[in-house]
Amino acid sequence: MNEIYEWLITDNFAPFISDDDREITYYFKVVKLSKVLTFDGKGYLRVTFKPYSKYCYRRKEYILNVEGSSELEVYNDSKLIYKPIIKITNLGDRSTINKINDMEIVGLQNGETIIIDNLTMLIQTNEGVNKFSCCNAKWIHLLPREYNTLTLEGNFELNLICEFPVFY
């Protein structure tokens with residue numbers, strides 16, 4: 001019981017995926033936790049969870065190598081405009097201009113990866129090094145309940161990560 005008690009206590013919201021629907025993720029944080037002991041020396045935990053929001057989340061990930069130009073169609077099944085996380089690995093040299101719609105990324109070394117968070121407007125490496133100067137800050141957003149076409153140009157590997165907020 002002590003091991004589970006310690007496991008449940010976290011500083012941040014933690015993902016919960018039910019076996020009922022493995023495509024849906026909820027985020028919860030324990031706000032109240034107490035041990036209840038029975039007469040026979042056993043017991044159980046009484047737990048109160050707080051949800052991160054009124055939504056559950058449907059995760060979709062798209063991985064694509066771009067050499068030249070291509071398009072990627074992404075359906076946003078949320079009722080909200082969604083701003084994805086984008087990981088880009090430059091497969092060209094420092095002068096290669098990689099584009100996603102109007103967003104331009106330039107000045108990355110060959111094999112260098114950056115993470116673009118379109119919601120928080122942060123651009124950094126996996127190690128947390130700020131790379132904002134490599135991008136023109138033309139943020140990507142996906143319109144709700146429709147197919148969004150992303151126009152891709154350059155020489156890079158794209159990893160588009162979406163966790164669409166949906167009611168379930």
Side-chain angles (χ1 to χ4, degrees), residues 10-29 49-168:
T10 61
D11 291 333
N12 300 311
F13 288 89
F16 171 78
I17 300 171
S18 170
D19 284 336
D20 294 339
D21 189 340
R22 309 278 306 154
E23 290 187 13
I24 296 293
T25 302
Y26 298 87
Y27 289 91
F28 294 113
K29 182 177 181 176
F49 292 97
K50 175 183 176 182
Y52 176 71
S53 73
K54 61 183 175 182
Y55 301 104
C56 56
Y57 297 86
R58 186 180 313 276
R59 184 179 174 94
K60 298 284 184 183
E61 193 167 342
Y62 304 86
I63 299 173
L64 182 68
N65 279 336
V66 176
E67 189 173 345
S69 63
S70 76
E71 290 184 343
L72 175 63
E73 196 169 75
V74 179
Y75 183 74
N76 176 2
D77 59 350
S78 174
K79 291 182 178 182
L80 306 172
I81 292 174
Y82 186 75
K83 299 174 182 181
I85 292 176
I86 302 170
K87 288 185 182 180
I88 291 179
T89 302
N90 185 28
L91 301 177
D93 57 30
R94 289 184 73 83
S95 65
T96 301
I97 299 172
N98 295 311
K99 291 180 69 174
I100 304 170
N101 290 352
D102 293 329
M103 178 183 278
E104 292 185 2
I105 300 99
V106 68
L108 300 179
Q109 297 177 21
N110 181 272
E112 186 174 8
T113 300
I114 61 169
I115 302 164
I116 302 165
D117 188 328
N118 287 278
L119 178 62
T120 62
M121 294 183 259
L122 288 174
I123 303 171
Q124 58 187 10
T125 65
N126 287 331
E127 295 78 30
V129 176
N130 185 332
K131 287 295 206 172
F132 197 85
S133 63
C134 294
C135 182
N136 67 352
K138 300 287 184 181
W139 306 108
I140 305 298
H141 61 275
L142 305 174
L143 298 176
R145 300 271 168 106
E146 67 179 70
Y147 287 95
N148 294 263
T149 302
L150 300 178
T151 303
L152 312 168
E153 293 178 32
N155 189 8
F156 63 100
E157 179 182 299
L158 171 76
N159 186 354
L160 181 77
I161 302 164
C162 303
E163 282 195 354
F164 297 113
V166 294
F167 287 108
Y168 195 68

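Using a 4.5 Å cut-off on side-chain heavy atoms (C-beta onward), Gln109 and Arg94 make contact. Counting only heavy atoms from C-beta outward, the side chains of Val166 and Cys56 approach each other to under 4.5 Å. At least one side-chain heavy atom of Leu150 sits less than 4.5 Å from a side-chain heavy atom of Leu160. Side-chain contact between Asn155 and Glu67: present, with at least one pair of heavy atoms (C-beta onward) separated by less than 4.5 Å. You'll find the side chain of Thr151 stays beyond 4.5 Å of the side chain of Lys99, heavy atoms only. In this structure, His141 and Asn118 have side chains that are not in contact, with every pair of non-hydrogen atoms separated by 4.5 Å or more. Side-chain contact between Gln124 and Asn130 is absent, with no heavy atoms from C-beta onward closer than 4.5 Å.
One finds the CD atom of Glu153 at 10.0 Å from the CG atom of Asn101 (value rounded to the nearest 0.5 Å). Remark: Ile24 CD1 to Ile17 CD1 distance equals 10.0 Å, nearest 0.5 Å. Separating the OH atom in Tyr52 from the CG atom in Asn12 is a distance of 10.5 Å, to the nearest 0.5 Å. Taking CD1 from Ile116 and CZ from Phe132, the interatomic distance works out to 10.5 Å, rounded to the nearest 0.5 Å. For the atom pair CG of Asp117 and CD1 of Ile140, the computed distance is 12.5 Å after rounding to the nearest 0.5 Å. Residue Lys54 holds its NZ atom at 4.5 Å from CZ of Phe167, rounded to the nearest 0.5 Å.
Between Gly107 and Glu112, the shortest heavy-atom distance links the atoms O-OE1, 4.5 Å. Summarising the geometry of Pro15 relative to Thr25, their closest heavy-atom pair is CB-CG2, 3.8 Å, with the distance given to 0.1 Å. Taking each heavy atom of Val106 and Ser95 in turn, the nearest pair found is CG2-O, 4.2 Å. The minimum heavy-atom distance between Ile88 and Ile105, with the atom names listed, is CD1-CD1, 3.5 Å. The two residues Thr125 and Lys131 make their nearest non-hydrogen contact at CG2-CG, 3.8 Å. Between Ile123 and Cys135, the shortest heavy-atom contact is CD1-CB, 3.3 Å.
Judged by distance alone, the side chain of Asn110 and the main-chain N or O of Leu91 form a donor-acceptor pair under 3.5 Å. Remark: the backbone N or O of Phe156 is not paired with any side-chain donor or acceptor of Asn90 at under 3.5 angstrom. A donor-acceptor pair is defined here as one N or O able to donate and one able to accept, closer than 3.5 Å; such a pair exists between the side chain of Lys29 and the backbone of Asp11. Without hydrogens or angle criteria, Asn136 side chain to Glu104 main chain gives a donor-acceptor distance under 3.5 Å. In this structure a side-chain-to-backbone donor-acceptor pair under 3.5 Å is present from Asp21 to Glu23.
Tested against Glu163 for a side-chain hydrogen bond (donor to acceptor under 3.5 Å, both in side chains), the candidates Lys60, Arg59, Arg58 yield a single pass: Arg59. Under the ring pair (Phe, Tyr, Trp, His ring centres under 6.0 Å) test applied with Tyr27, the options Phe13, Tyr55, Tyr57, Phe16 reduce to a single match, Tyr57. Tested against Tyr82, the residues Phe164, Trp139, Tyr75 include a single ring pair (Phe, Tyr, Trp, His ring centres under 6.0 Å) partner, Phe164.
Legend: residues meeting side-chain hydrogen bond (donor to acceptor under 3.5 Å, both in side chains) with Ser78, ordered by chain and number and at least two apart, are absent.
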**Request:** Begin from the C-alpha positions of Ile161 and Lys87 and carry the test side chain to side chain contact (heavy atoms under 4.5 Å, CB included) through to its verdict.
**Result:** CA-CA 8 Å; Ile161 302 164; Lys87 288 185 182 180; 4.2 Å; yes

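Inspection of the Asn76 and Asn148 side chains reveals no N or O donor paired with an N or O acceptor under 3.5 Å.
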